[in-house]
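Just so you know, these numbers come straight off a predicted model, no measurement behind them. We use all heavy atoms of the structure for the numbers below, so side chains are in, but hydrogens, waters and symmetry mates are not.
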Amino acid sequence: MSARGTRRGIRGRSAREMDDERFLNSYHNASTPPGPDVPADLVGFMLAADPVLGDAAELSRVLARAHQGAATQLIGEDWAHARKYFSLSEKYAAWADYDTPARGFGIHAYAHKVRRPIRLTDEALRARPEWRNFGGEEGRHPPMRGWLAVPLIGSDGDNYGFIQVSDRLEGDFTAQDEANLLRLAALTATALDALAQLHLPKHRAKVADPGQ
């Protein structure tokens, strides 16, 4: 299991902008390297998608003004090879090395299943029947405060996963935050489409024609 972190400097900003962006430019992307059981074409897709999903996780925080952002990538409904990318502010520095793979549990499994945006206040999040408080990862997983998740749907309906944010800097997530993340998700899915066409042509053909 590997993890990598990067801290980006801030130059040419006003004092107010710097105060905001000291949270928005510190991030940590964590992923599990493809194992030996992963087919070579899927490995190629995963590695090519790494920077796309890493940037999506970071940009999600900027767009929604959140302390936490993440992007989860799957192929179909298979969580066995899921890859998750975190972007955490300095508020969550204690969790900077958290790199447990996504397993499709609780509210996160629900986000992938419903294939539509989900925007919840913290109270509404914890009232959801799918909320499991991270199960066995409770106390290790970064705590959540409110939630906004949008799906990554490809041009032919393939579900690549979802982008999510939690703990907005001020107040609850808004309809504008949701609209902004949907635009980011559309751009991200377009990039994943192009990579899948290159690395996963058989999978793409099956998605386009399930009967073949």
Side-chain angles (χ1 to χ4, degrees), residues 1-6 27-60 69-88 96-118 130 132 134-137 140-142 149-165 181-182 184-212:
M1 191 172 294
S2 70
R4 62 187 186 275
T6 304
Y27 72 97
H28 187 96
N29 293 329
S31 63
T32 303
D37 60 323
V38 181
D41 56 350
L42 183 53
V43 169
F45 174 74
M46 286 178 167
L47 296 179
D50 271 351
V52 175
L53 275 296
D55 285 347
E58 181 180 7
L59 288 171
S60 68
T72 302
Q73 175 220 300
L74 301 95
I75 300 298
E77 302 300 319
D78 182 14
W79 285 83
H81 304 307
R83 291 166 75 77
K84 189 170 184 177
Y85 308 76
F86 278 111
S87 176
L88 304 175
D97 293 323
Y98 183 79
D99 57 5
T100 299
R103 295 189 175 92
F105 180 77
I107 198 75
H108 295 108
Y110 176 71
H112 185 60
K113 181 179 179 180
V114 298
R115 299 169 61 98
R116 59 173 173 77
I118 304 170
E130 299 85 7
R132 300 288 187 273
F134 313 117
E137 289 296 300
R140 297 185 65 241
H141 190 287
V150 297
L152 294 169
I153 306 298
S155 59
D156 53 13
D158 201 9
N159 190 348
Y160 290 111
F162 53 96
I163 296 171
Q164 60 177 311
V165 289
L181 281 201
L182 282 170
L184 174 62
L187 288 171
T188 303
T190 297
L192 294 178
D193 272 343
L195 294 175
Q197 288 170 6
L198 177 63
H199 294 280
L200 301 172
K202 292 181 180 179
H203 172 74
R204 292 290 298 187
K206 184 176 181 180
V207 171
D209 184 8
Q212 71 171 4

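Under 3.5 Å, the side chains of Asp55 and Tyr85 contain no donor-acceptor pair of N or O atoms.
Legend: residues meeting side-chain contact (heavy atoms from CB on, under 4.5 Å) with Ala186, ordered by chain and number and at least two apart, are absent. Partners of Leu182 by side-chain contact (heavy atoms from CB on, under 4.5 Å), not counting sequence neighbours, listed by chain and number: Pro117, Val150, Glu178. Residues satisfying the side-chain hydrogen bond (donor to acceptor under 3.5 Å, both in side chains) criterion with Gln164, sequence neighbours excluded, are His108, Trp147. Remark: Leu47 engages Pro34, Val43, Asp50, Arg83 in a side-chain contact (heavy atoms from CB on, under 4.5 Å) (not counting sequence neighbours). The side-chain hydrogen bond (donor to acceptor under 3.5 Å, both in side chains) search around Arg115 returns none, not counting sequence neighbours.
A distance of 6.5 Å separates NZ of Lys84 from CZ of Phe162, quoted to the nearest 0.5 Å. Annotation: the span from Leu42 atom CG to His199 atom NE2 amounts to 10.5 Å, rounded to 0.5 Å. Distance check: Leu53 CG to Glu58 CD gives 13.0 Å after rounding to the nearest 0.5 Å. Note that CG of Leu59 and CG of Leu181 are 10.0 Å apart. Values are rounded to the nearest 0.5 Å. Note that CG of Leu152 and CG of Leu187 are 11.0 Å apart. Values are rounded to the nearest 0.5 Å. With rounding to the nearest 0.5 angstrom, the CD1 atom of Ile118 is 5.5 Å from the OH atom of Tyr110.
Between Leu184 and Ala56 the shortest heavy-atom distance is CD2-O, 3.6 Å. Contact between Ala49 and Gln73 at its shortest, heavy atoms only, is CB-OE1, 3.5 Å. Taking all atoms of both residues into account, the shortest heavy-atom contact from Pro151 to Ala185 is O-CB, 3.5 Å. Residues Ala57 and Ser87 come closest through the heavy atom pair O-CB, 3.5 Å. When all heavy atoms of Tyr160 and Ala196 are compared, the closest pair comes out as OH-CB, 3.5 Å.
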Take His112 and Thr72 through the side chain to side chain contact (heavy atoms under 4.5 Å, CB included) test and state the conclusion after the steps.
-> CA-CA 9 Å; His112 185 60; Thr72 302; over 6 Å; no

